[in-house]
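Quick caveat, the model's predicted, so the values are computed rather than measured.
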Amino acid sequence: MQGTAYGDEQLAMAMRKELRERLLEAQNEGRPLRVYCGFDPRTSDLHLGHTVPMRKLRQFQELGHEVVFLIGNFTSLIGDPSDKDKLRPQLTPEEVEENARTYAEQAFKILDPEKTIIEYNAKWLSKLTFADLIKLASNFTVQQFLTRENFRKRWDKGEPVYLHETFYAIMQGYDAYALRADVQIGGTDQLFNIVTAARKLMTFMGVKPNIAIILDILPGTDGEVKMSKSLGNHIPLLSTPEDMYGKLMSVPDKAMGAYMRLLTRWTPRQIAELETGIAQGRLNPRDVKMQLAREIVEIYHGEDAAARAEEHFVRVFQQRDIPDEIPEYCLQEGETVLQVLRNANLVSSNSEGRRLIQQKAVRLDGEVLSDPRAAFPGPGVLRVGKRKFVRVSNCSATRE
RNA sequence: GGGCAGGUACCCAAGUGGCCAAAGGGGGCUGACUGUAAAUCAGCUGGCGUCACGCCUACGGGGGUUCGAAUCCCUCCCUGCCCA
């Protein structure tokens, strides 16, 4: 896994140099580095985008460093403006707590639970006074915030930039100070928060500024923008192997590079080989994508599950066959085609059902059903579109 | 507090009395094709029904004018800009 991105070469070099020095220093003091990354418990499920910094943390862990998994339960109350050019809704403390609960559990799919320190930033942030905030804020100018791209954009478009949003960077900077972190990991959207806010605040508070490791952002399944649940282009960490595999196959070809670099265990050399293979037409992008999907599913579900997921994909989507396990539906006396679609939860409204029937998307054992009002022909495998299947049977009749 | 410009569907955005369930784009869905749930092309994209027709809900909230309102008026809420 690779993919650091600093935006400018000077910063990258400075950070590399500092990291080297800090490593030596820590070695002399006989201590590991303290590495952290903060996560926003804005939603309750993690997705592959979250795994990018988490796997970087894991690497540090394996090298014997101390890793802090910080849950931003306090900062979530504001909502990080970094990755949006829009105000994010504030969550209630209850929502945040609810989300935070399942968070760590999922994180341990990647991190070593034995070696991970979990912290919540409400622990120190909730204790700061207004006077503290003023003191911290006096390190920054309004201009520094206004030149940040995402604030700038909104400013230019005449959209509101709320004062409390600027606190986010300050709070995050304070996290780094409270943790006395040596290294902080984050995506390119965290550049300002880490490099400007955190380092400045730490210096001001009289401790050594932490070193920034800035990672590329994983695009979502649309291949365009950052993977995020709210945009609906995410692949949940807890999705089934089949689903994860399928979603990975739906990623546009152009995003494959980023996925290979940010999500796999492959070396830069292996990736380069695959990429030139595709570029020269030696390798079929589909096959490479299948390898990619299998590799990623394997990381989270193991070899066997990944193999099964691939089989499922080939059977259902390439050969248009039906999957192994499909839900059952008991046909009721006198039901029409439309009613079955509805009752088996294959569609969410009658209109949607009619539309799909009109579009020839509804098949019973391969036969297109074209009349929504016709009586349902009888038992068989009902397929709606490419992904939805239900086995319709006469179970009530046979039972009696 | 004053002046001006705004608030439209999942998102962006047009529309400024009837032809508006609302252009266009994005997203999503479906089909064709394929090398894949990629790309490309086409269609669909509020709900209910006796479904080429009718009804209900919807253009920030409430009220009004009108045969008829996203469009006009009043009022309230929210946002931006300028002034204080």
Point to revise | Euclidean distance for P, B/C59 against B/C53 (whole angstrom) | key: 26 Å
Practice item. Check the pair A/Gln332, A/Gln339 against side-chain hydrogen bond (donor to acceptor under 3.5 Å, both in side chains), reporting the backbone distance first and the verdict last. Key: CA-CA 10 Å; A/Gln332 308 295 310; A/Gln339 280 167 335; over 6 Å; no
**Study point:** Phosphate OP1/OP2 of B/C48: any A/Arg342 side-chain N/O under 4.0 Å
**Key:** yes
Practice item. Measure the acute angle between the ring planes of A/Phe145 and A/Phe140, then classify it against the limits of 30° and 60° as parallel, tilted or perpendicular. Key: perpendicular
Exercise answer: donor-acceptor pairs, residues 248-255 of chain A side-chain atoms, under 3.5 Å, sequence neighbours excluded:
unit_1: A/Ser250; atom_1: OG; unit_2: A/Lys247; atom_2: O; d: 2.8
unit_1: A/Asp253; atom_1: OD1; unit_2: A/Lys289; atom_2: NZ; d: 2.8
unit_1: A/Lys254; atom_1: NZ; unit_2: A/Glu224; atom_2: OE2; d: 2.6

Review point. When rounded to the nearest 0.5 angstrom, what distance separates CZ in A/Arg55 from CZ in A/Arg58?
Key: 10.0 Å
Check your understanding: Hey, what's the ring geometry for A/Phe39 with A/Tyr103, parallel, tilted or perpendicular (30° and 60° as the breaks)?
Key -> tilted
Exercise for review: Look through every strand shown and name the nucleotide pairing with B/C41 as Watson-Crick or G-U wobble, where both distances are under 3.5 Å.
Suggested key: B/G31
Practice item. For B/A23, give its Watson-Crick or G-U wobble partner with both distances under 3.5 Å, or none. Key: none
Study note, to complete from the structure: Checking N1-N3 plus N6-O4 or O6-N4 for Watson-Crick, or N1-O2 and O6-N3 for wobble, each under 3.5 Å, the partner of B/C55 is B/G47
Check your understanding: Would you call the rings of A/His312 and A/Phe317 parallel, tilted or perpendicular if under 30° counts as parallel and over 60° as perpendicular?
Key -> perpendicular
Practice item. Step through the shown structure and confirm whether more than 12 heavy atoms of other residues, nucleotides or ligands are within 6.0 Å of CZ on A/Arg373. Key: no
Practice item. For B/U79 versus B/C73, give the span between their C1' atoms, rounded off to a whole number of Å. Key: 23 Å
Review point. B/C19 and B/A70: how far apart are their P atoms, nearest whole angstrom?
Key: 9 Å
Check your understanding: Quick one: on RNA chain B, does A/Ser351 or A/Met256 contact a more 5' nucleotide (nearest heavy atom)?
Key -> A/Met256
Review point. Now, which nucleotide makes the Watson-Crick or G-U wobble pair with B/U65, with each of the two distances under 3.5 Å?
Key: none
**Study point:** Integer-rounded Å distance: B/G47 P and A/Arg355 CZ
**Key:** 5 Å
Check your understanding: With rounding to whole Å, what would you report as the distance between B/G15 and B/A69 at their C1' atoms?
Key -> 13 Å
Check your understanding: P atom, B/G54 versus B/G62: distance in rounded Å?
Key -> 27 Å
Practice item. Specify the separation, in whole Å, of atom CG of A/Leu163 and atom P of B/U79. Key: 14 Å
Review point. When you compare B/C11 with B/G3, how far apart are their C1' atoms, in angstrom units rounded to a whole number?
Key: 32 Å
**Study point:** For atom CZ of A/Arg373 and atom C1' of B/C53, their distance in whole Å
**Key:** 13 Å
Check your understanding: For B/G46, does either OP1 or OP2 sit under 4.0 Å from a side-chain N or O belonging to A/Ser349?
Key -> no
Revision key, fill the gap. The Watson-Crick or G-U wobble partner of B/G80, with both key distances under 3.5 Å, is B/C4
Review point. How many Å lie between CD1 on A/Ile235 and C1' on B/A38, as a whole number?
Key: 14 Å
Review point. Tell me: CD1 of A/Ile278 to P of B/A38, nearest whole Å?
Key: 16 Å
**Study point:** Note, A/Leu46 side chain near A/Thr51 side chain (heavy atom, < 4.5 Å)
**Key:** no
Exercise for review: For A/Thr267 and A/Gln270, run side-chain hydrogen bond (donor to acceptor under 3.5 Å, both in side chains): C-alpha distance rounded to whole Å, both residues' side-chain angles, the deciding distance at 0.1 Å, then the answer.
Suggested key: CA-CA 5 Å; A/Thr267 62; A/Gln270 285 174 292; 3.3 Å; yes
**Study point:** Under 4.0 Å protein heavy-atom contact, by nucleotide of nucleotides 24-35 of chain B - B base, S sugar-phosphate only
**Key:** -----SSS---B
Point to revise | A/Lys157 NZ - B/G7 C1' separation (whole Å) | key: 15 Å
Check your understanding: Just to confirm, is there a sub-4.0 Å distance from OP1 or OP2 of B/G49 to any side-chain nitrogen or oxygen of A/Asn350?
Key -> yes
Check your understanding: Atom CD of A/Gln358 and atom P of B/A52: how far apart are they, to the nearest Å?
Key -> 10 Å
Review point. Using the C1' atom in both, what is the distance from B/G2 to B/C12, to the nearest Å?
Key: 33 Å
Review point. What distance, rounded to whole Å, do you find between the two P atoms, one in B/A39 and one in B/G31?
Key: 16 Å
Practice item. Provide, to the nearest angstrom, the distance between the CD atom belonging to A/Glu159 and the P atom belonging to B/G7. Key: 13 Å
Review point. What is the base-pairing partner of B/G17, counting Watson-Crick and G-U wobble geometry with both distances under 3.5 Å?
Key: none
